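So the structure is just underneath, and the comments pick up after that.
Since the model is a prediction, treat every value here as computed from it, not as a measurement. Values below: all heavy atoms of this structure, side chains included; hydrogens, waters and symmetry mates excluded. Indexing begins at 1, ligand by ligand and atom by atom, following the structure's order.
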Amino acid sequence: MRFSRLYAPTLKEAPRDAEVVSHKLLARAGYIRQLTSGIYTFLPLGLRALNKVADIVREEMVRAGAQEVLLPMVQPSELWKETGRWEFYGKELLRFHDRKDSEFCLGPTHEEVITDLVRNEVRSYRQLPLNLFQVQTKFRDEIRPRFGLMRCREFVMKDAYSFDRDDAGADVSYKGMYDAYTRAFRRLGLRFKAVEADSGSIGGNFSHEFMVLAATGEDTIAACTAEGCDYAANLEKAEAVCAEASAAEPCPPHRLVPTPGQHTVEEVAAFLGLPAAKILKTLLFDVDGAAVAALVRGDRELNEIKLKNALGATDVRLATPEQVEAWTKAPVGFAGPVGLSVSRLVADRELCGATGLVAGANAADAHLVDVDLARDAKVDLFADLRSVTEGDLCPRCRTALTLTKGIEVGHVFKLGLKYSKAMNATFLDEDGKERVMVMGCYGIGVSRIVAAAIEQNHDDDGLMMPPTIAPFEVALIALAGKDAAVAARAEDLCRELEAASLQVLLDDRDERPGVKFKDADLIGLPIQLVLGGKGLERGVIEAKCRKTGTKTELPLDGFAQAFAEFRADVWKSWGLARPGE
Ligand code: ATP
Ligand code: MG
């Protein structure tokens with residue numbers, strides 16, 4: 001490809017709303033353009049990168065025995081009503097009517113459509129297991145589209161769905177996908193971690209997320225620091241281990257103390273001269289329409305997903321100030337469990353047997369001290385409700401956990417019977433009995449990976465694209481000026497490299513060297529080759545690895561061999577074995 005012909009409109013400044021580096025650089029380097037909030041155009045460089053990610057993912061899916069299909073993006077509401085998700089999915093589902101006034105949505109995911117397809121065609125155990133996948137544009141009307149390609153409304157996903165005869169078969173399919181994901185993310189040059197995850201609104205009973213480790217990630221991962229222990233889980237899932245309960249100190253009857261204007265845990269703790277751990281945090285929620293109070297220690301954070309799972313609820317919302325005032329009969333900031341009338345009172349299990357606590361008095365400007373939770377309140381359920389923090393103990397080996405940030409690029413779920421049962425996807429087993437298929441679903445954020453790779457690999461000058469994702473592998477910069485011999489030699493080299501199946505972007509523009517170098521660094525192709533008049537006279541060309549910055553001169557005589565060695569080193573710097581493998 002000739003740079004002079006390439007449609008890659010670079011920008012001096014990043015778009016004003018761009019917060020994260022991948023968004024800034026992808027826009028500046030002419031990979032993408034925003035159409036409207038959360039909706040992007042892929043320009044030639046961006047599309048080449050996107051397609052490379054998709055192709056590697058496809059290869060690994062096919063290697064694992066999955067077959068590619070392309071399901072419709074427009075989906076009728078009837079299917080979604082069968083599984084109950086027409087109501088449950090909420091506002092992320094973009095719904096509309098056709099001219100006959102039938103209801104439709106744009107697919108945010110395809111469990112319903114694929115289950116419908118398979119239930120209509122698969123009759124016998126002989127047709128199972130079956131794994132179908134697609135690479136397709138999804139639409140989710142995200143509440144806060146942001147971070148460029150990371151959280152879009154329209155984005156490209158690979159989604160696969162497996163159908164098995166039984167649980168054991170589904171486990172094999174799950175493992176196959178887990179391994180395929182591991183291979184794909186390795187080949188893409190990403191530093192990642194598979195973590196235990198919550199199954200979210202897709203539902204089901206078992207799941208792992210694949211996280212690209214990057215400071216800008218929206219997700220927090222708790223990982224064990226012990227050598228040899230690979231426990232890692234996202235914050236919604238990471239189990240908080242309780243310290244061994246020591247016999248609780250008995251405490252005198254609780255009494256009311258005035259705490260004028262002291263609302264937060266910190267304020268109350270400072271006012272009473274007690275540690276935050278002794279203050280009860282009472283949080284009120286509207287859970288599927290009922291009032292629920294949840295208690296955690298003052299120095300802990302309640303995790304809403306844990307709360308939702310503990311209650312088996314579908315919709316958990318923090319109570320509005322009006323609800324808090326109606327339920328506690330006090331201003332916001334003074335809720336407490338003693339004498340509170342809510343439909344359920346739940347507490348973090350760490351509070352089991354706790355005494356000598358301070359709690360809101362459900363009255364303005366007052367708290368209760370010397371609260372004994374068992375004696376003074378009626379807790380309906382103790383459960384793991386809090387988020388783990390740095391230094392909490394690993395639930396497997398009891399070593400300290402550490403928290404890191406990650407970007408979720410893939411998710412594997414064992415769905416079980418959730419969709420197949422609701423939609424009656426059955427088959428006849430060997431014994432002639434009708435059985436429900438056991439399903440799994442597996443997503444990869446193809447477009448998000450382009451951004452995630454950049455979050456991990458960039459510098460002040462621009463992108464550093466992994467060789468397997470880069471739109472071209474080589475930037476061949478001809479510093480020809482008026483020197484026709486340099487231009488001609490660069491053309492020859494370009495043809496030679498292309499003949500060896502390399503993808504080359506030849507900078508043949510009539511620009512100053514500084515401009516060309518700047519653009520090459522910005523666009524971030526992994527290998528830069530620079531041919532100038534002096535080098536040509538000496539019979540050498542300069543090669544630079546964009547990632548490490550290593551520069552070396554390669555002889556033009558015997559170039560192919562020298563280049564192959566340099567290229568292998570570049571791939572090695574990405575942790576990639578050998579080109580093509
Ligand atoms: P998240 O928690 O980030 O919203 P999710 O759990 O909704 O993700 P899945 O439904 O499992 O995501 O989708 C599969 C993959 O699609 C995710 O792992 C992620 O990489 C990608 N993905 C999900 N939502 C978006 C989005 N709004 N923009 C870009 N990629 C996305
Ligand atoms: Mg989501």
Can you tell whether the side chains of D348 and R297 come within less than 4.0 Å, N to carboxylate O?
no
Aromatic ring proximity, centroids under 6.0 angstrom, F413 and Y442
no
Closest candidate by heavy atom, reference atom 28 (N) of ligand 1, pool C152, G38, S207:
C152
Cation-pi check, R95 to W86: give yes when NZ or CZ is under 6.0 Å from the six-membered ring centre and within 45° of the ring axis, no otherwise.
yes
How are the rings of Y178 and H208 set to each other: parallel, tilted or perpendicular (split at 30° and 60°)?
perpendicular
Which of the atoms of ligand 1 are close to G445, meaning less than 4.0 Å from one of its heavy atoms?
15 (C), 16 (O), 20 (O), 21 (C)
In a check of salt bridge (charged side-chain N to carboxylate O under 4.0 Å, His left out) between R85 and each of E111, E92, E78, which one passes?
E111
May I ask you to identify, for R448, whether its side chain, its backbone, both or neither come under 4.0 Å of ligand 1 on a heavy-atom basis?
side chain
Determine, using heavy atoms of G410 and all atoms of ligand 1, whether some pair is separated by less than 4.0 Å.
yes
Under 6.0 Å from the six-membered ring centre of F472 and within 45° of its axis: does the NZ or CZ of R48 meet both?
yes
Decide whether an N or O pair under 3.5 Å exists between D219 and ligand 1.
no
For ligand 1, which atoms sit closer than 4.0 Å to a heavy atom of E142?
24 (N), 26 (C), 27 (N)
Taking the minimum heavy-atom distance to atom 12 (O) of ligand 1, which of R140, H411, M157, E209 ranks first?
R140
Tell me the contacting part of E408 for ligand 1: side chain, backbone, both, or neither, using a 4.0 Å heavy-atom threshold, strictly below.
both
Look at ligand 1 and say whether T109 reaches it with a heavy atom at a distance under 4.0 Å.
no
Under 6.0 Å between ring centres, would you say that holds for Y181 and F210?
yes
